[in-house]
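Starting from 1, each residue takes its place in the sequence as its number. Treat the numbers as computed from the prediction; the structure is a model and nothing was measured.
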Amino acid sequence: MKRFQKLDRFPLGSIHAEGFLKEQMELGRDGMCGHLHELEPDMIANPYVNKKKVKAWGNGDQDGWGAEISGNYWAGYIQFAYTLNDADMIKTAENWVNAVLKNQKEDGYLGTYTGPDALIYDDYNAWGTSCGMRALIAFYEATKRKDVLEAVYRCMLWFCKNWAGDRKTTYAGMNIIEPMIFTYYYTGDERLIQFSEDYLDFICRNDLYKMSYQSMLSDEFYYHAYHAGAIGTKTRLPALVYTVTGNKDYLKASENFIRKNREKSIQLTGGAVSSTEYNGPVGAVRETEYCCFTTINQAYSYLSYITGNAKYGDFMEEVFYNGAQGARKKDEKAIPYLSAPNQVYATEFSSGVYANQQVYAPCYPVSCCPVNAVAIVPDFIRGMMLHDEADNVYVTAYGPCTLNYMDISITEETYYPFRNQSKFIINCDKEFTLYLKAPEWSLSQTVKVNDKTIDVSVNDDGYIPVFGNWSLGDTVEIFFEAKVKVIQVDDSDGNSKYPIAVKYGALLYSYHISEKWIETEGNPMTKLPDGWSWYNVMPAFEESDVEDAHERLVRRREQYTWNIAVDEHLTSDDFEIEEVDKEGYVWSNPMIKLHTHCYKAPYLNAIYEGKTFEPIGAYQPVTEKLPLTLVPHGCTNLRITYFPKADLRNKVSFF
C-alpha cells in the first residue's frame, strides 16, 4: 500500500533511554509511571478488564471516562516498559493485554460500553475506545503478536458498521480515527480509510468546536472554542488521514492549526493554555493542564515523521524539556493538574481555575493528567530518531539514547539541552546517512567526524546530512552556536503586560523560588499507601518573630524574593553563562545557570497571598538593583518565568 509521509518511526523498543533520560525513567518506574494502576485500580487498572462503576463519578454511564484514563495509562505504560526495557513492567503490560483480549465481544467490540443498556453511540465510547486501542497497537508494534492486531482490527470494523453515516459525535469521538489509520497501516482494509474520511466530513458539517479540517485550514481563531487538549489530540488526525490518502488539504489543515495555536495559545513553556479547560490566550499565570503537554508533544512527533520537517523536533524539545519537566515532582511521584509560567504557590487553593488543581498529587479523582504524565517520556524518546525508506537515520530531537534497529546501532552521548552539543557513536558497520537536526535557535553548526571538522549544509527540511560508510566505533559530533534570547511575551489578548522571558538554546529560564513541600491527605478516591502523598508546595521563607507589626511587614516584603522586575532593554550581552558539572539528578541540580541583574519591586504583590496573581500595570515601581540567577524552567516547581518590566524612570523609596 502507498504511504504518503516522508519518514517513519522505528518500532517500539528500538530506541532506549540513556543518561539522565534513563535516570528519569527509573525514577518513574518506581514512582507514578509504574504504580498508578495499583494506586487507583478501579479508575486505571480495571475498566477494560474488570469494569466497575466508580462511585465518585455518580450513577450515570461513565464507561468512556474510565476508558480514556485507563486506556491512556496503558498506552503510556506499554511504551514506557519497552523503552526502558524493564522485564517486570513488560510482564505487567502483557498480563493487561491478555485480560483485555478475553473481553472482546462476539461482534468484535472491545471497549468498555459492555452493559445491556450501554449507550453505544455516546461520544466517549469512541473516544475512550480509541485510547485503549492505542495501547494495544503499541503492544503489537513492540511484539508483533497477531492476535492483538486482529482484536483491534475487529473492533475498528465494529465502529465502521455501528457508527456509519451520521451515527457519529462532535466532541471527542473523532479520535477513533487514529487507531483506524494505524490499523489500516497493518491490514490495508480500505473501509478504515473510508470511515475516517467520512468522519472528517461529518465534523465539517457539524463543527461545534471549530475542529473540522476546514476550520483548521482557515486563518480564523477562536478562544474558548475547544478543550485545550484537543490542540494535540485533534491536530494530528487530518495529517494521519493524509498519510493514507495523499489529500494535501488534510496535511495543510494540521500544520496550519499548529501554527495558529503557537501564535495565540501556546506558552513559551510549550504548554497550551487551558482556561477553564478550554483554549485561551497566553499569560504569566494562565495555566496548562498536564494532558496538554503530552498530547501536543504527540502531535509534534507525528507531524515530524509525516512532514519530515525538523521544526517539529524543536517543538518537541520545547514542551518536553521545559513545561513538562517544570510540572513534575523530581522524584516522579506527583504532578500538578495545572501549572503556569509564574507559580509562587502550588497548593489545593492556589489555582485560578478550580480547587485542588495546582496541588501536587500522584493521582486525582479524575486522573487524566497523571496518566498522561506517564506517556510523555516514552513518547518523546521514541520520537527522537526516525528513518526513511532507505533506512537513513534522522535525529529529530536531541538527548541521551541508543538506537538498535536491524543492522543499525547508534548511541547518542549528550547532556543536551544543558549543553549545546551531542556525540553519536556508531556501533555497526553500515553505509547510511545520518541526518542531524539544525535547531531554529542555533546560529551555526559545526560537525566533526572522527574528530575532523567537515563541511556541512542545512537542507530545506532543516537537517544536516552526514553520509558515511561507517565502521564500528566511528563518531559524529555536532556543536551548536547559541545566544541568549530576550523575549517580550505577547500577552495582548489577555493582559497587555508584555512581560520579559529569557531563552538560551532549547531551554526557557526561570527564577527559582525555593520551596517547602507540605504533605496533605488530599482527596484521592482510594487512600494512598505509605510513601505516597499529596503536597502543598509553598515558598520557603522564614516568618519574622519581631514584635513590631510594621517591621514584620517590612521583613515579609523583603523575604518575597520573587518581588522583582527586569529592565525591558536587557540584551544577550547582559548575561553571563555558567556551566555546572553534573552533580546528582539534572532536574534537581541544574547543570547550567544564567546570571544577570534585576530590580526589587516591593509593591509587586500583596503582603498576604494564597495564589499567584497577575501583576497590576505593565511597569512596576522598583528600588535597588539586584543580582539575578536563572535556571532552566524544568528544574523548578515554583518560579517566575515571565518577568514584569521595571519602571526605571520612576524609582521609589521603600521603608
**Student:** Under 30°, 30 to 60°, or over 60°: which ring-plane class applies to Tyr305 and Tyr302, parallel, tilted or perpendicular?
**Tutor:** tilted
**Student:** Under 3.5 Å, is there a donor on one side chain and an acceptor on the other for Ser409 and Asn404?
**Tutor:** yes
**Student:** Below 30° counts as parallel, above 60° as perpendicular, anything between as tilted: where do the rings of Phe221 and Tyr226 land?
**Tutor:** perpendicular
**Student:** Walk me through it: do Phe575 and Leu630 pass the test side-chain contact (heavy atoms from CB on, under 4.5 Å)?
**Tutor:** CA-CA 10 Å; Phe575 289 82; Leu630 305 178; 4.1 Å; yes
**Student:** Tyr140 ring centre to Lys144 NZ or CZ under 6.0 Å, with the angle to the axis within 45°?
**Tutor:** yes
**Student:** Could you check whether any side-chain N or O of Ser442 sits under 3.5 Å from a backbone N or O of Ala438, counting only pairs where one atom can act as donor and the other as acceptor?
**Tutor:** no
**Student:** Please check this pair: side chain of Asp429 against backbone of Leu472, looking for a donor-acceptor N/O pair closer than 3.5 Å.
**Tutor:** yes
**Student:** Does a salt bridge link Glu255 with Arg259, judged by any charged N lying under 4.0 Å from a carboxylate O?
**Tutor:** no
**Student:** What is the distance from atom CD of Gln325 to atom NE2 of His633, rounded to the nearest 0.5 Å?
**Tutor:** 10.0 Å
**Student:** Check the pair Lys430 / Asp391 against salt bridge (Lys or Arg N to Asp or Glu O under 4.0 Å), numbers first and verdict last.
**Tutor:** CA-CA 11 Å; Lys430 185 175 175 62; Asp391 285 339; 5.7 Å; no
**Student:** So for atom NZ, which belongs to Lys485, do other residues, nucleotides or ligands contribute more than 12 heavy atoms lying within a distance under 6.0 Å?
**Tutor:** no
**Student:** Let me see the working for Arg3 and Gln5 under side-chain hydrogen bond (donor to acceptor under 3.5 Å, both in side chains), right down to the final yes or no.
**Tutor:** CA-CA 6 Å; Arg3 298 266 293 275; Gln5 75 257 25; 3.2 Å; yes
**Student:** Return yes when atom CZ of Phe20 has more than 12 non-hydrogen atoms of other residues, nucleotides or ligands closer than 6.0 Å, and no otherwise.
**Tutor:** yes
**Student:** Salt-bridge test for Lys437 and Glu412: reply yes if a basic N is under 4.0 Å from a carboxylate O, no otherwise.
**Tutor:** no
**Student:** Let's go through Glu178 and Arg134 carefully: what are the C-alpha distance in whole Å and the side-chain angles of both, what is the deciding distance for salt bridge (Lys or Arg N to Asp or Glu O under 4.0 Å) to 0.1 Å, and is it a yes or a no?
**Tutor:** CA-CA 8 Å; Glu178 182 170 337; Arg134 285 180 57 247; 3.3 Å; yes
**Student:** Please confirm whether the backbone N or O of Asn261 pairs with a side-chain atom of Ser265, one donor and one acceptor, at under 3.5 Å?
**Tutor:** no
**Student:** If you round to the nearest 0.5 Å, how far is CZ of Phe643 from CG of Asn342?
**Tutor:** 7.5 Å
**Student:** Side chains of Glu332 and Gln24: any donor to acceptor distance under 3.5 Å?
**Tutor:** yes
**Student:** Is any side-chain heavy atom of Phe380 less than 4.5 Å from a side-chain heavy atom of Val319?
**Tutor:** no
**Student:** Look up atom NZ in Lys234 and atom OG in Ser254, then write down how far apart they are to the nearest 0.5 Å.
**Tutor:** 12.5 Å
**Student:** How long is the span from the CE atom in Met25 to the OG1 atom in Thr83, to the nearest 0.5 Å?
**Tutor:** 5.0 Å
**Student:** Within the supplied structure, the quantity of interest is the number of heavy atoms (other residues, nucleotides, ligands) at a distance under 6.0 Å from Glu440 CD; does it exceed 12?
**Tutor:** no
**Student:** On a heavy-atom basis, which atom in Thr294 and which in Ala375 lie closest, and how many Å separate them?
**Tutor:** CG2-CB, 4.0 Å
**Student:** Has Lys311 got its NZ or CZ under 6.0 Å from the middle of the six-membered ring of Phe315, at an angle within 45 degrees of the ring axis?
**Tutor:** no
**Student:** Can we say Asp491 and Arg286 salt-bridge, meaning some charged N sits less than 4.0 Å from an Asp/Glu carboxylate O?
**Tutor:** no
**Student:** Decide if the gap between the ring center of Phe480 and the ring center of Tyr398 is smaller than 6.0 angstrom.
**Tutor:** yes
**Student:** Taking all non-hydrogen atoms of both residues into account, name the closest pair between Asn279 and Tyr223 and its distance.
**Tutor:** ND2-CA, 3.6 Å
**Student:** Once you measure the plane-to-plane angle for Tyr416 and Tyr321, does it fall in the parallel (<30°), tilted (30-60°) or perpendicular (>60°) bin?
**Tutor:** perpendicular
**Student:** Roughly how far, to the nearest 0.5 Å, is the CE atom of Met316 from the CD1 atom of Ile381?
**Tutor:** 10.0 Å
**Student:** Rounded at 0.5 Å granularity, tell me how far CD1 in Ile296 sits from CG in Leu303.
**Tutor:** 10.5 Å
**Student:** Once side-chain hydrogen bond (donor to acceptor under 3.5 Å, both in side chains) is applied, what residue pairs with a partner in residues 371-383 remain, sequence neighbours excluded?
**Tutor:** Gln79-Asp379, Glu141-Arg382, Gln298-Asp379
**Student:** List, one per line, each side-chain donor-acceptor pair under 3.5 Å for residues 495-507, sequence neighbours excluded.
**Tutor:**
unit_1, atom_1, unit_2, atom_2, d
Ser496, OG, Ser492, O, 3.3
Lys497, NZ, Pro615, O, 2.9

**Student:** Arg236 versus Ile306: any side-chain heavy-atom pair under 4.5 Å?
**Tutor:** no
**Student:** Please report the C-alpha distance between Val449 and Asp474 in whole Å, then the side-chain angles of each, then the deciding distance to 0.1 Å, and finally whether the side-chain contact (heavy atoms from CB on, under 4.5 Å) criterion is met.
**Tutor:** CA-CA 8 Å; Val449 175; Asp474 283 346; 5.9 Å; no
**Student:** Knowing that exactly one of Tyr242, Phe257, Tyr213 qualifies, which makes a ring pair (Phe, Tyr, Trp, His ring centres under 6.0 Å) with Tyr250?
**Tutor:** Tyr213
**Student:** With side-chain contact (heavy atoms from CB on, under 4.5 Å) as the test, would you mind laying out the steps for Ile258 and Tyr312 before giving the verdict?
**Tutor:** CA-CA 10 Å; Ile258 286 175; Tyr312 293 107; 3.9 Å; yes
